[in-house]
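So you know, we letter chains A, B, ... as the sequences are listed, proteins then strands, and number each from 1. For the numbers below, each heavy atom of this structure counts, side chains included, while hydrogens, waters and symmetry mates do not. No experiment lies behind these values; they were computed from the predicted model shown.
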Number of protein chains: 4
Amino acid sequence: MHTHGYVENKDQLIKRLRRAEGQIRGIQRMVEEDTYCIDILTQVSAATKALETVALELLNDHLSHCVAEATREGGPVAEEKIREASAAIARLVRS
Amino acid sequence: MHTHGYVENKDQLIKRLRRAEGQIRGIQRMVEEDTYCIDILTQVSAATKALETVALELLNDHLSHCVAEATREGGPVAEEKIREASAAIARLVRS
Amino acid sequence: MHTHGYVENKDQLIKRLRRAEGQIRGIQRMVEEDTYCIDILTQVSAATKALETVALELLNDHLSHCVAEATREGGPVAEEKIREASAAIARLVRS
Amino acid sequence: MHTHGYVENKDQLIKRLRRAEGQIRGIQRMVEEDTYCIDILTQVSAATKALETVALELLNDHLSHCVAEATREGGPVAEEKIREASAAIARLVRS
């Protein structure tokens, strides 16, 4: 059975995602309580950075496992994996 | 009493933040169910973009109200508001 | 006669832009001399950051002068200036 | 002898970099001629996007060649290449 690159890292990923979820709930509360705009923006930047860290970890795990495995086997599957990873990186850089 | 720029926009902001919260819970489920890394990354990029939209709306409301009000009054408060807004924009561009 | 916000800052802006131009010429040389990909990427990130700094300075000058002036006068021109600035910020955040 | 991933792509990379260099020279002219701030900002966003495209191409070539080669051989060199590529991606995402 195939397992994904982030499997060993699962607990940490879930923890980070829960923290990001908590940050976003905190931002909702700030909006409801009429917090000053700039303070809300600071929290939005922090949550965005937290999500970026999740994405970079996932990507690193993906390169170390799925892509590395595919390139060891070579052929069209390897090329397809690299193309797919490059597209995901582009979405990340542009988001 | 002073109200913040986003007050008229509050319901839409809360709605957007709830949707982003839901996206992040969805990403947690994807990690728990061993979804393919690239599909998770696509959702992380989408959640990041959703947060960026929240930030850009907050910023627009802030410029239209708090900053515009301060510059109408002028003086050091106006300068301080502009400096503060520029710093928030820089954090956003760099996150 | 109307002058733009960055006028007092012109020399510094030109200096920064010349440096960015020099960085990009350096990257061309690196490509021509078959420099290692990762070292080229580091320079591309540096040049991107330099351009971001130019953009943030221009934006700060624009808010402090053109936008502040328009909001002091108020009316539809002020609204238009804020809309325009917000659109420029969005392009920057998304680039 | 070892060649880098972007070698087949060299002409296109140089062309793109020359265009980015031209854009930055154009921005200098705009500043010197007191062009309206927002129009300059639009050009700065365009030049930033052009550099990002260069970076994404370099990265794709690097993954397809240097990293793929290293992972085929395996061992500590492969791990080092992946770590290095992930760090370059992180710099890009955060710039």
Quiz item: Would you say Glu8(C) has more than 12 foreign heavy atoms packed within less than 6.0 Å of its CD?
Solution: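 Not more than 12 within 6.0 Å, no.
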Residue-level contacts of [range] with chain D, using a heavy-atom cutoff under 4.5 Å:
range                     : answer
residues 40-49 of chain C : Ile40(C), Leu41(C), Thr42(C), Val44(C), Ser45(C), Ala47(C), Thr48(C), Lys49(C)
residues 20-32 of chain C : Ala20(C), Glu21(C), Ile24(C), Arg25(C), Ile27(C), Gln28(C), Met30(C), Val31(C), Glu32(C)
residues 57-64 of chain C : Leu58(C), Leu59(C), His62(C)

Checklist line | Portion of Lys15(C) that has a non-hydrogen atom of chain D nearer than 4.5 angstrom | finding: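 Interface part for Lys15(C): neither.
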For this session: Go through the atoms of Arg16(C) and report whether side chain, backbone, both or neither lie under 4.5 Å from a heavy atom of chain D.
Result: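 Contact with chain D is absent: no heavy atom of Arg16(C) under 4.5 Å.
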Quiz item: Hey, which of Ile38(D), Ile14(D), Leu92(D), Val54(D) has the most heavy atom pairs under 4.5 Å with chain C?
Solution: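 Ranked by contacts with chain C, first place is Ile38(D).
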Item checked: Top contributor to chain D contacts, counting heavy-atom pairs under 4.5 Å, from His65(C), Glu52(C), Glu84(C) ->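 Of His65(C), Glu52(C), Glu84(C), Glu84(C) has the most heavy-atom pairs under 4.5 Å with chain D.
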Which residues satisfy the salt bridge (charged side-chain N to carboxylate O under 4.0 Å, His left out) test with Lys10(D), sequence neighbours excluded?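 If we apply the salt bridge (charged side-chain N to carboxylate O under 4.0 Å, His left out) test to Lys10(D), skipping adjacent residues, the hits are Asp34(C).
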message: Looking at every non-hydrogen atom in both residues, tell me the closest pair between Cys37(C) and Gly5(D) and how far apart they are.
response: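 The pair with the smallest heavy-atom distance is SG-N, 4.1 Å.
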